[in-house]
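Everything on this sheet refers to the single structure shown next.
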Amino acid sequence: MKEIKKTPRTPRTMELPRPEKVTCPYGESWQADVVVIGCGFAGLNAAVSAKEAGQNVLVIDKGKPGYSGLSPWPSSFRWFDPERGDDEEAFKEAMKRGGDYLCNLRWYECWLKESKGIYERLTDWGILAQYPKAAEAGDFYEREDFVGYREMFDKFDRHKKWIEVLNRYEIPYLEHTMVTDLIAGAAEPEAAESRKICGVMAFHVPSGQVITVSAKAVVMATGGGSYKPTGYPVGGDTFDGEYMAWELGLPITGKEFEDFHTTSSQAPGNVFLDNHWQYLENIWLCGGDVDLESAAGYASAKGYAMVLKRVQNSVKGVPLANGSEIQNVATANYTRRGGSKVYETDPEEVRSGKMSTPVAASTLAGAATGMCCHLTSGVFCGLGETDGKTEIAGLYVAGDGIHATSPSGSAYPCGVGFTSCFTSIDGDHAGRAAASYAAGESFAPLPEEEIQRKKEEILTPLGRENGFDPNWARDVLHSIMAPYWITVVKSEETLKAALVQVEYMRDHVIPKLQAATSHDLRLCLEMKHKVLSAELKLRAGLERKESRGSTYREDYPFRDDENYLCYITQRKAENGESTFDKVPVPDEWAGDREEAYSSRYVYYFPGEPEKMGFQLPERGRNGKGERK
């Protein structure tokens, strides 16, 4: 038999050389009056406000301030300005109806009163600097010259402004440092159930150095998260703060309401396709687009575009696409752009709306699987507070995905540009409250035994010889949670099936994750957070047996005001399971409960008219109908 000679195969890819061992530049311990975890819009405003209040502040960011989390990605910014003709009652009416009456009016009123001041603050910082879009600044757009466009307008680059602001206010910051644990002790020795914050634990990802920080107060502005981005670049947000809050027994709400961002059906995983110019261009200024006569109609049109159409696309499917369709937002009218009516006749009106360079059209919901609808999810601090104060003394929350303020209710139909402005207000409130608390406190001793135990827990995956790669685990979780029948069109059957798999991952995969480097260690910790988030999301989806806002149950395709006009909270019980509670919406937020169902709600889900006994008219696209 002829001998077959085997030729060594040349690998198609080369493994990049690993860097030499990195030394942590920050040391092993810090002390600060107020620690701010995360430095996006909320975190930056919290840090500055706490420093202006006279406290020593330390910022800790898992990435780099200005470049991590969601803050690099907003394409528009909205504020309320009565001097430009904005009508407070009209805005409230549109938001109540558009958010299916889960709008927290107390927080929304804060935005009405304070958003103009925040606009002026961020303008002073340079974050809202306006400059030409790529399609109107030479031939950058035609040549796809992203680097050239960035260099042309480099001095306006908002991402750099974060660190400039921190330096202006002399606020130190630790970058590429992941906070893993909140340290809380008893506020009173004789009352163990009364807890106060006394510090945090983190590790510097490049070096693996564990860092301990003693603090009088902490503001968590850690954002929400995504299991794995599919067309929307939010991979750095991984529910870290939500996990820490859950472990401390704090109530979590809003997990059933889904993110509305879409991706392209012809290239669903191409992050660059839908977001390239958005990252480089300025934040377009929005606002002033509703009056009393148009409030309900405005909410209806937005609800159709941002909620109902996405559900319909999942139920019916979408037309075949090849990537040639371009969405030119700049040619749409002011209501589509989120701009002011006044802009059409007054060139001095700066709120022109979202006029960004054209990008490929997108149609499929689920661009960031796991992400919740803006501002609805996170730690529930009650209906009466507006400072992010949690049940643990000295611990505050602020920002999208970690503080469940819910100013836009159960959806995001009336909020083009709303989140970046609102989270800045939220952060300002939390920073001032944390500073006020810290001013009256002294540093509490950190429990050495607990510190050592937590340090060992953080580093455990590095010593595990047999186990699972966190990248593989991430892909498995994504495959469980990404299908449209889990996130867009839900049912008892599909949610329970996914929950069984997520629970299996929780019990059999997460305890076996292994890390070869400190970068892998970060991924292992993040996977633990993601799996918990998936479990909370599925349980919340099962608990809300109705359709409302950005959650659609095909087995309950209608609003159930009697049982579910409320916020549903869940917290960790002693056995580790979820315990649920309902917090009813106050009457003044609930609209006219006697109004006919067919006019009370501004759009309808598939199957809802039939279930509720009215028919849709032939005309119109917004799902409005009249009773028979």
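Along the sequence shown, the residues carry numbers beginning at 1.
- Annotation: side chain of H204 is in contact with side chain of P25 (closest heavy-atom distance under 4.5 Å).
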- Just do the side-chain contact (heavy atoms from CB on, under 4.5 Å) check on M178 and D240 with the steps written out, would you? CA-CA 9 Å; M178 180 181 185; D240 302 337; 3.8 Å; yes
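- Annotation: F418 is in aromatic contact with F422 [ring centroid separation under 6.0 Å].
- Not one N or O on the side chain of Y119 forms a donor-acceptor pair closer than 3.5 Å with the backbone of C421.
- Remark: the S68 side chain and the D61 side chain contain an N/O donor-acceptor pair separated by less than 3.5 Å.
- Using a distance-only test at 3.5 Å, with no hydrogens or angles considered, no donor-acceptor pair links the side chain of S518 to the main chain of L521.
- In this structure, the salt bridge (charged side-chain N to carboxylate O under 4.0 Å, His left out) partners of E136, at least two apart in sequence or on a different chain, are K133.
- Judged by distance alone, the side chain of T517 and the main-chain N or O of H519 form a donor-acceptor pair under 3.5 Å.
- Defined by atom type and a distance below 3.5 Å, a donor-acceptor pair is missing between the side-chain atoms of Y552 and S314.
- Annotation for M95 and Y108: closest pair CE-CE1, 3.5 Å, computed over non-hydrogen atoms.
- Using a 4.0 Å cut-off between a side-chain N of Lys or Arg and a carboxylate O of Asp or Glu, R168 and D124 qualify as a salt bridge.
- Note on R310 versus E258: no salt bridge recorded, every NZ/NE/NH1/NH2 to OD/OE distance being 4.0 Å or above.
- Nearest heavy-atom pair, S550 versus C373, reported as atom, atom and distance to 0.1 Å: OG-CB, 3.5 Å.
- In this structure, the separation between CD1 on I37 and OG1 on T177 is 12.0 Å, given to the nearest 0.5 Å.
- Across every non-hydrogen atom of K537 and F257, the tightest pair is NZ-O, 4.1 Å.
- A salt bridge does not link R150 with D157: none of the charged nitrogens is closer than 4.0 Å to a carboxylate oxygen.
- L477 is not listed as a side-chain neighbour of K228, based on a closest heavy-atom distance of 4.5 Å or more.
- Judged by distance alone, the side chain of W125 and the main-chain N or O of W162 form no donor-acceptor pair under 3.5 Å.
- Between the side chain of E242 and the main chain of H529, no donor-acceptor pair closer than 3.5 Å is present.
- With no hydrogens or angles considered, a side-chain donor-acceptor pair links Y227 and S533 at under 3.5 Å.
- When atom types are taken as modelled, the side chain of D86 and the backbone of D81 share a donor-acceptor pair closer than 3.5 angstrom.
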- Check against side-chain contact (heavy atoms from CB on, under 4.5 Å), V219 and H403: CA-CA 11 Å; V219 178; H403 186 192; over 6 Å; no
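- Residues V318 and L364 meet the side-chain proximity criterion, which asks for heavy atoms closer than 4.5 Å.
- With a 6.0 Å cutoff to the six-membered ring centre and a 45° limit on the axis angle, R351 counts as a cation-pi contact of W79.
- At distances below 3.5 Å, at least one donor-acceptor pair connects side-chain atoms of K51 with backbone N or O atoms of E170.
- S226 and D237 form no side-chain donor-acceptor contact under 3.5 Å, judged by distance and modelled atom types alone.
- Residues Y169 and V57 fail the side-chain proximity criterion, which asks for heavy atoms closer than 4.5 Å.
- A donor-acceptor pair is defined here as one N or O able to donate and one able to accept, closer than 3.5 Å; no such pair exists between the side chain of Q278 and the backbone of T357.
- Looking at heavy atoms from C-beta onward, I60 lies in side-chain contact with L174 at the 4.5 angstrom threshold.
- When all heavy atoms are compared, the tightest approach of A299 to R97 is CB-CB, 4.2 Å.
- Between F41 and I127 there is a side-chain heavy-atom pair separated by less than 4.5 Å.
- The aromatic ring centres of F140 and W277 sit 6.0 Å or more apart.
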- Trace of the salt bridge (charged side-chain N to carboxylate O under 4.0 Å, His left out) decision for E52 with R432: CA-CA 8 Å; E52 287 182 327; R432 286 189 283 112; over 6 Å; no
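- Heavy atoms of other residues, nucleotides or ligands lying less than 6.0 angstrom from CD of E142 number more than 12.
- Aromatic ring centroids of H261 and H374 lie under 6.0 Å apart.
- D145 is not listed as a side-chain neighbour of D139, based on a closest heavy-atom distance of 4.5 Å or more.
- Checked against the 6.0 Å centroid threshold, W284 and F77 do not count as a close aromatic pair.
- Proximity of a side-chain donor or acceptor of S410 to a complementary backbone N or O of G99 within less than 3.5 Å is detected.
- Smallest separation of non-hydrogen atoms from A94 and V290: CB-CG2, 4.1 Å.
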- Could you walk me through whether E281 and S75 pass the side-chain contact (heavy atoms from CB on, under 4.5 Å) test, one step at a time? CA-CA 8 Å; E281 292 181 341; S75 56; over 6 Å; no
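- Salt-bridge formation is detected for the pair E526/R522: a Lys NZ or Arg NE/NH1/NH2 atom is positioned less than 4.0 Å from an Asp or Glu carboxylate oxygen.
- For the residue pair D426 and T423, no side-chain donor N or O sits within less than 3.5 Å of a side-chain acceptor on the partner.
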- Task: Step by step, work out the side-chain contact (heavy atoms from CB on, under 4.5 Å) result for N45 and I118.
- Result: CA-CA 9 Å; N45 279 277; I118 285 293; 4.0 Å; yes
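- Contact record, T419 with D400: CG2-OD2, 3.9 Å, taken as the closest heavy-atom pair.
- Listed for the T238 side chain is no donor-acceptor partner under 3.5 Å among the backbone atoms of K530.
- With contacts defined as side-chain heavy-atom distances shorter than 4.5 Å, the pair N282/F156 does not qualify.
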- Query: Hey, mind stepping through D428 and S49 against side chain to side chain donor-acceptor pair (under 3.5 Å) and telling me if it holds?
  - Reply: CA-CA 6 Å; D428 171 56; S49 294; 2.5 Å; yes
